[in-house]
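Reviewing the structure listed below.
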Amino acid sequence: MLKVMLKNSISALLLCSVLNADKVQLSTDNMGDFLIAPLYIAKGDICSEVKIFNTNETSSILAKVAFREHISSHEVDFPIFLSPGDVWVGKVCQTESGSVCLTSTDDSNHPSAMQTLKYGQNLKSHSSDATYRHADMSKGYVEIEGKSYAIQEFQKENIDFTKGYIEVFPIAQFYEGTTKKVNKNILVERWDSLERGDLSIKNLSKYGVDSKSLSGLVSFETSNQETSSIPMTAFKGAHDVQLTGSAISYNSDASTEILLGKNKKIAILKLLQKGNVSFTYNDAGVDQYIHILFPFSHKEKQTRRYKLIIRDLEENKYTMIFSPIPKMSNEISMFCIEDLVSLTRDTIKFNEGMIQIKEITNNDTVQLGKNKIASILPTLSRIKTIGNKSMVINTIYIPVK
């Protein structure tokens, strides 16, 4: 995503206290200290309810949540304040006017955002406005990633929050020594103290956020009825630098490289560096979709090359090589399985079978670089229209290697 570059170096903006350096690992129990939800949908009748759990029953957790849209990762981010065993809940839906809004009545939100979130925050408008927080209007341009963009040019960038993904960044942990609820104003005051650079706050953990403190879930809904859900992907060992200052500010972008550190970001990308996806389908792929998240790409019109193989039950196969293809040009790429099966021109023979997307390689300098195997989080969904309502029947992670 195009990011507003802060004028000074990271070291000038932050006060850091280095903690014990843990090795980043993919969690096997859905609990960790950094979370990624690979997909949310807020389009038509489909809404997504998001839940973020503090699974630590004796510590409070401060975290930053980032909703990122699927084209080039434009974001809306905000802090949450979780007591021991607390849960934050929010919902994203598309309104009749076509806007995508986040609503939440949770007391874990920042007091300044309570009223806005109660009635709904327009994600696109908020993201567009946030882009200009550091813009030099007098000069008529903004500086982003070291390049200058005319303001009228930048305003035309594509932003589409009807689909996207979510990141939950650890900020701080406080040992409470009790399972009782902590007054949220106290947690907000602690956040403000960290933002001022104060590391002497009572109960502040010197060892970062515990690796089993966060868990999350995205539930897809139609007419307020849950139809499917998928857990967030969790990572352990992602938090070993206590950040303070501008990096955690309510007004600062949720930069992965700053909030987790460059080394942690690279480690996560390496854990997700899986170039091959394999999954089964039936009914000639009708109502079946694969979504592939390419996290930390942050660029519009990125391209990738790959090989597509479709096999029927008798191991007949149909192979195509794409290099590149527009359907893999966004941070989340979606494939309609029915469209893929139709490429074989024999939907009877290929009514059911297996599809392999192999050797997914970046053509651009995103993630770990050009010509490197892509880092991916793929999901398979069945999205069906019944009557005049669309709903997500199921969503699952699919195997990668």
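Basis for what follows: all heavy atoms, side chains included, without hydrogens, waters or symmetry-related copies.
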Donor-acceptor contacts, no H, no angles, side chain residues 372-382, under 3.5 Å, sequence neighbours left out:
unit_1	atom_1	unit_2	atom_2	d
S375	OG	L269	O	2.7
S381	OG	T395	OG1	3.2
R382	NH2	N282	OD1	3.1

Side-chain donor-acceptor contact under 3.5 Å, N363 with R304: no
W88 versus N54, side-chain donor and acceptor atoms under 3.5 Å: no
Interatomic spacing from CE in M232 to CD in E167 - rounded to 0.5 Å: 10.5 Å
Rounded distance (nearest 0.5 Å) linking atom CG of L340 with atom OH of Y281: 9.5 Å
Summary of disulfide (SG to SG under 2.5 Å) pairs that have at least one residue in residues 38-74, sequence neighbours excluded: C47-C93
Donor-acceptor contact present, side-chain T227 to main-chain F220, <3.5 Å: yes
Salt bridge (Lys or Arg N to Asp or Glu O under 4.0 Å) involving E221 - partner list, sequence neighbours excluded: K91
Euclidean distance, S205 OG relative to Q242 CD, rounded to 0.5 Å: 8.0 Å
Pairing of E226 and K51 as salt bridge, 4.0 angstrom limit: no
Interatomic distance, Y306 atom OH to S333 atom OG [nearest 0.5 angstrom]: 8.5 Å
Separation between CZ of F350 and CD1 of I355, rounded to the nearest 0.5 Å: 10.0 Å
Main-chain N/O of L271 paired with Q273 side-chain donor or acceptor, under 3.5 Å: no
Short side-chain donor-acceptor distance under 3.5 Å, S108 and D106: yes
Other residues, nucleotides, ligands: >12 heavy atoms within 6.0 Å of I386 CD1: yes
From T179 atom OG1 to N56 atom CG, the distance as rounded to the nearest 0.5 Å: 11.0 Å
SB check E257 K262 (cutoff 4.0 Å): no
